[in-house]
Number of protein chains: 2
Amino acid sequence: MLHQKPAHDQTAMPDYAPHSHPHPSARDLIAAHGGRVTRTRIAVIETLQAAQHPLSHDEIGAALAAADIAHDRVTLYRALDWLVEQGIAQRIAGGERAWRFEIRHDGAHRHAHFHCDRCGQILCLEEVPTETSPALPAGFELDRTELVLHGACADCGRQGAKAGTR
Amino acid sequence: MLHQKPAHDQTAMPDYAPHSHPHPSARDLIAAHGGRVTRTRIAVIETLQAAQHPLSHDEIGAALAAADIAHDRVTLYRALDWLVEQGIAQRIAGGERAWRFEIRHDGAHRHAHFHCDRCGQILCLEEVPTETSPALPAGFELDRTELVLHGACADCGRQGAKAGTR
DNA sequence: ATTCAAATGCTACAATGTTGCATCAAAAGC
DNA sequence: GCTTTTGATGCAACATTGTAGCATTTGAAT
Ligand SMILES: [Mn+2]
Ligand SMILES: [Mn+2]
Ligand SMILES: [Zn+2]
Ligand SMILES: [Zn+2]
């Protein structure tokens, strides 16, 4: 239930702008998709909207706790499942075998991510668009493309040049 | 310990060509990296070399079992860890929160993957190169890029057009 | 205020991966 | 070949991440 990496600590909803474009109100989003407007869903959406990088279930849970919003693990999993089903959020297979979530951007605003294979940090690369569709085998339908750049972040690169790849 | 998807069943080392280019001998590869040549490592490498798509720990374990190579779960995890550390194999964050592994191709032969979000199938897209490096923040080092196309495979697309996104 | 499906909160469980430590065996030295 | 050394293995116990079932609560429609 606790953060392992105090570096990315990102608890209660911050006040800086998210991905540099405005976001619709959480209540409206939920209602527009025919869901019930609950404290948990509102807080999850607002947390994701405010985040500068995709958040893990654990990180989102910490944000809810910091905002004094009672919830249990399973409820949060289900809220996230619902957001993904609705296309409001998307799952990203970040490194550490735990999903990460972020608001799903449409068309122009989609972007790639950088994943540090040493410390696990994930960074949104706003400038790098995810490449558009190449030829797929017959019958295959493309939904979205995910581009992840792997390597070492500035912090990890500086120290131990030859640490574990993992 | 059993396969869930008989469709991708890929047990004992098959005899067809892998990614359509030849592979170095497993023993040589291991020795060249200063590791001990053990049955487990040899079999894991040969299994990966023969595979047409990235394999999960479970699938590789099944292949070892089919080849009558005794091993335990942890040993296999460690063999795979070692291959990744050495840069012989690479981990791919396939959907189902389980790593998938494949031989790491160099330069020209790197390719993208297609992931079916309905049935979980993963396909190597030999023709689609992973895009080359864009601008990264100062100090960041790029190791490799991972391009995953998400959508529905031919089988899944045909049936239920509007199933679960997940 | 009443109604009722949609969300929630437990508890119990499954799947995937990790750690510690005793034992085994690959390969190097003799 | 025999011994030695240390990397690799096997086993047991544990951690993390995510799911399923079911009783209870609550959003929102009437
Ligand atoms: Mn992002
Ligand atoms: Mn591949
Ligand atoms: Zn890092
Ligand atoms: Zn499919």
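Per chain, numbering begins at 1; letters A, B, ... match sequence-line order. The figures that follow rest on heavy atoms only: side chains count, while hydrogens, waters and symmetry mates do not.
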How close or far is atom C1' of C/dC10 from atom NE2 of A/His71, stated in whole angstroms? 14 Å
Whole angstrom value for the distance that separates C1' of D/dG21 from CG of A/Asp72: 14 Å
Hydrogens and angles aside, do B/Asp143 and A/His150 bring a side-chain donor and acceptor to less than 3.5 Å of each other? no
Decide, yes or no, whether a salt bridge links B/Arg100 with B/Glu59 under the criterion of side-chain N to carboxylate O below 4.0 Å. yes
Looking only at side-chain atoms of A/Trp82, point me to the closest of C/dA7, D/dG18, C/dG17. C/dA7
Measure from the side-chain heavy atoms of B/His57 and tell me the nearest of C/dG17, D/dG18, D/dC11. C/dG17
For B/Arg27 and A/Ala70, find the nucleotide of DNA chain C closest to each by heavy atoms; which residue's nucleotide sits nearer the 5' end? A/Ala70
Under 4.0 Å, heavy atoms only, any strand: does B/Thr38 hit a base, just the sugar-phosphate, or nothing? sugar-phosphate
From CG of A/Asp81 over to C1' of D/dT17, roughly how many Å is that when rounded to an integer? 13 Å
Checking all strands, does A/Arg78 fall into the base, sugar-phosphate, or nothing category for heavy-atom contacts under 4.0 angstrom? base
Separation of atom CZ in A/Arg39 from atom P in D/dA28, rounded to whole Å: 12 Å
Does a nitrogen or oxygen in the side chain of A/Thr75 sit under 4.0 Å from OP1 or OP2 of C/dA7? no
Measure from CD1 on A/Ile42 to P on D/dA28 and round the result to the nearest Å. 9 Å
Under 3.5 Å: donor-acceptor pair, side chain of A/Arg104, backbone of A/Ala89: no
Donor-acceptor pair, distance only, cut-off 3.5 Å: does the side chain of B/Arg41 make one with the backbone of B/Arg36? yes
Quick one: does B/Arg36 reach the base of D/dA8 with a side-chain donor-acceptor pair under 3.5 Å? no
If each of A/Ala79 and B/Phe101 is mapped to the nucleotide of DNA chain C with the nearest heavy atom, which maps nearer the 5' terminus, i.e. the 5' end? A/Ala79
For A/His111 and A/His113, does a side-chain donor sit closer than 3.5 Å to a side-chain acceptor? yes
Distance in angstrom units between A/Tyr77 OH and C/dA15 P, rounded: 16 Å
Taking CD from A/Glu85 and C1' from D/dT19, how many angstroms apart are they, rounded to a whole number? 14 Å
Please confirm whether the shortest side-chain N or O distance from A/Thr40 to OP1 or OP2 of C/dT8 is below 4.0 Å. yes
Of the nucleotides D/dG18, C/dG17, D/dA8, which one has an atom closest to the side chain of B/Arg73? C/dG17
In whole angstroms, how far is the C1' atom of D/dG10 from the CD1 atom of B/Ile69? 16 Å
